Amino acid sequence: MSKVVIQAPASSANLGSGFDTMGLALSLYNTVELEECDRLVVTDADHSGVPLDESNLVYQTVKQVYQQCGRSLPGLSITQKSPIPQARGLGSSSACIAAGIVGANRLLGSPLSAQEMLEFACSIEGHPDNVAPAMLGGYVTSVMEGGKVYTLKRRVDSQLEFVAFIPDFPLLTAKARAALPAQVSHKDAVYNVSRAAMMAAAFCEGRSDLFWLGAQDRLHQPYRIELIPGASQLLQQLPGMGALAVFISGAGPTMLAVIKAENTAFLAGAEALLRQDEQLRHFKAVRLSAHNESMV
Ligand code: HSE
């Protein structure tokens with residue numbers, strides 16, 4: 001195939017308690033056009049600052065797929081629109097990886113299965129909680145075991161919506177992971193197992209009244225919250241405005257609130273809160289829906 005156009009969604013990993021395992025896809029999309037050519041040409045169509053050289057993540061990913069399939073890649077024309085903000089905990093890297101793999105697979109005539117593409121993506125990213133929902137859509141629970149990736153997807157009810165509180169500063173995942181302890185207590189592990197199990201069951205049973213409980217976490221949020229000025233305040237104040245759950249999106253610094261779609265006043269209330277409080281002015285509130293369609 002000569003030219004392919006791929007859209008890949010944003011994603012929010014962890015959902016509080018499901019560190020490195022749960023995630024969901026959101027209605028914000030990077031678009032990538034790919035065409036084989038005799039050299040590398042990257043066009044940053046929306047001036048989002050993606051690298052224009054060989055360090056470009058879409059290019060790196062496409063190159064790896066070609067290698068895996070035993071095909072040479074003389075050059076590539078990549079045109080990217082990347083509204084998913086980078087280093088904000090909304091899965092921008094995973095969107096690039098997903099788009100690169102799905103796009104390369106189409107250029108090559110679809111030699112890889114959906115499962116192979118998923119496992120390839122997880123091997124690049126190192127953990128599945130962003131790439132699995134980016135590729136499969138919906139709410140996804142994933143486990144990596146013995147080189148395989150096991151996923152269960154559930155479509156997210158249209159009665160649920162999300163408000164992302166996106167700060168004006170980046171937080172690299174490497175820094176947010178470096179803040180985590182090497183070991184946790186048995187008590188904290190039990191705390192998280194019980195909450196993550198509750199979150200998964202609440203999603204499947206439509207028990208959004210239990211999301212607040214399922215989102216509670218002791219494995220990463222207590223260590224990362226200090227890296228995100230104003231985050232503690234959002235955790236405290238947004239439930240009183242109708243948020244069903246509030247948690248750090250992925251490694252942060254975005255905070256994600258889950259709301260009922262019928263709560264039409266939430267966004268305006270949140271924007272007023274951000275305007276009024278100097279400690280919160282660096283956040284921008286963006287209302288999003290779930291994205292339930294699969295790319296593979
Ligand atoms: N589960 C990952 C983390 C998501 O929290 O570090 C970000 O890649």
Side-chain angles (χ1 to χ4, degrees), residues 8-26 28 30 57 60-61 82 84-101 118-136 138-145 149-153 162 164-167 169-184 188-189 191-193 195-197 199-200 203 214-228 231 234-235 245-256 258 288 291:
S11 50
S12 181
N14 300 331
L15 278 69
S17 58
F19 181 74
D20 276 2
T21 187
M22 293 196 285
L24 52 84
L26 294 166
L28 179 63
N30 282 0
L57 186 53
Q60 290 283 334
T61 305
S82 313
I84 306 172
Q86 292 165 37
R88 297 296 196 285
L90 287 168
S92 66
S93 306
S94 286
C96 289
I97 292 168
I101 291 177
L118 183 64
E119 286 176 356
F120 205 99
C122 292
S123 72
I124 295 174
E125 184 80 333
H127 39 85
D129 48 339
N130 281 111
V131 281
M135 280 192 155
L136 301 176
Y139 161 78
V140 181
T141 300
S142 318
V143 175
M144 288 171 82
E145 172 86 32
V149 180
Y150 299 83
T151 54
L152 277 179
K153 167 189 173 178
F162 305 87
F165 293 81
I166 308 172
F169 61 88
L171 176 57
L172 293 176
T173 298
K175 183 175 174 191
R177 289 182 88 85
L180 305 182
Q183 294 186 321
V184 297
D188 285 355
Y191 183 97
N192 264 69
V193 168
R195 271 71 179 172
M199 189 59 133
F203 250 96
Q216 303 302 311
D217 163 72
R218 286 189 184 163
L219 293 188
H220 70 110
Q221 295 199 157
Y223 308 102
R224 288 172 162 173
I225 207 84
E226 302 299 317
L227 303 174
I228 312 170
L234 292 178
L235 280 175
V246 187
F247 42 79
I248 299 176
S249 183
T254 291
M255 303 295 292
L256 196 75
V258 187
L288 299 165
H291 168 81

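Atoms within each ligand, like the ligands themselves, are counted from 1 in listed order. Quick caveat, the model's predicted, so the values are computed rather than measured.
Across Ala98 and Ala134, no two heavy atoms sit closer than the pair CB-CB, 4.4 Å.
In terms of modelled atom types and a separation under 3.5 Å, the side chain of Gln221 and the main chain of Ile248 share a donor-acceptor contact. Counting only distance, with no hydrogens or angles, the side chain of Arg224 and the backbone of Ala176 share a donor-acceptor pair below 3.5 Å.
Looking at Ser92 and Gln86, their side chains never bring a donor and an acceptor atom within 3.5 Å of each other.
Asn14 pairs by the side chain to side chain donor-acceptor pair (under 3.5 Å) definition with nothing, not counting sequence neighbours.
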Between the protein and ligand 1, which nitrogen or oxygen pairs come in under 3.5 Å, and how far apart is each?
residue	atom	partner	partner atom	Å
ligand 1	1 (N)	Asn14	OD1	3.0
ligand 1	1 (N)	Asp20	OD1	2.5
ligand 1	1 (N)	Asp129	OD2	2.5
ligand 1	5 (O)	Asn14	ND2	2.8
ligand 1	5 (O)	Arg224	NH1	2.8
ligand 1	5 (O)	Arg224	NH2	3.4
ligand 1	6 (O)	Arg177	NH1	2.6
ligand 1	6 (O)	Arg224	NH2	2.9

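Relative orientation of the Phe203 and Tyr139 rings is parallel, given thresholds of 30° and 60° on the angle between their planes.
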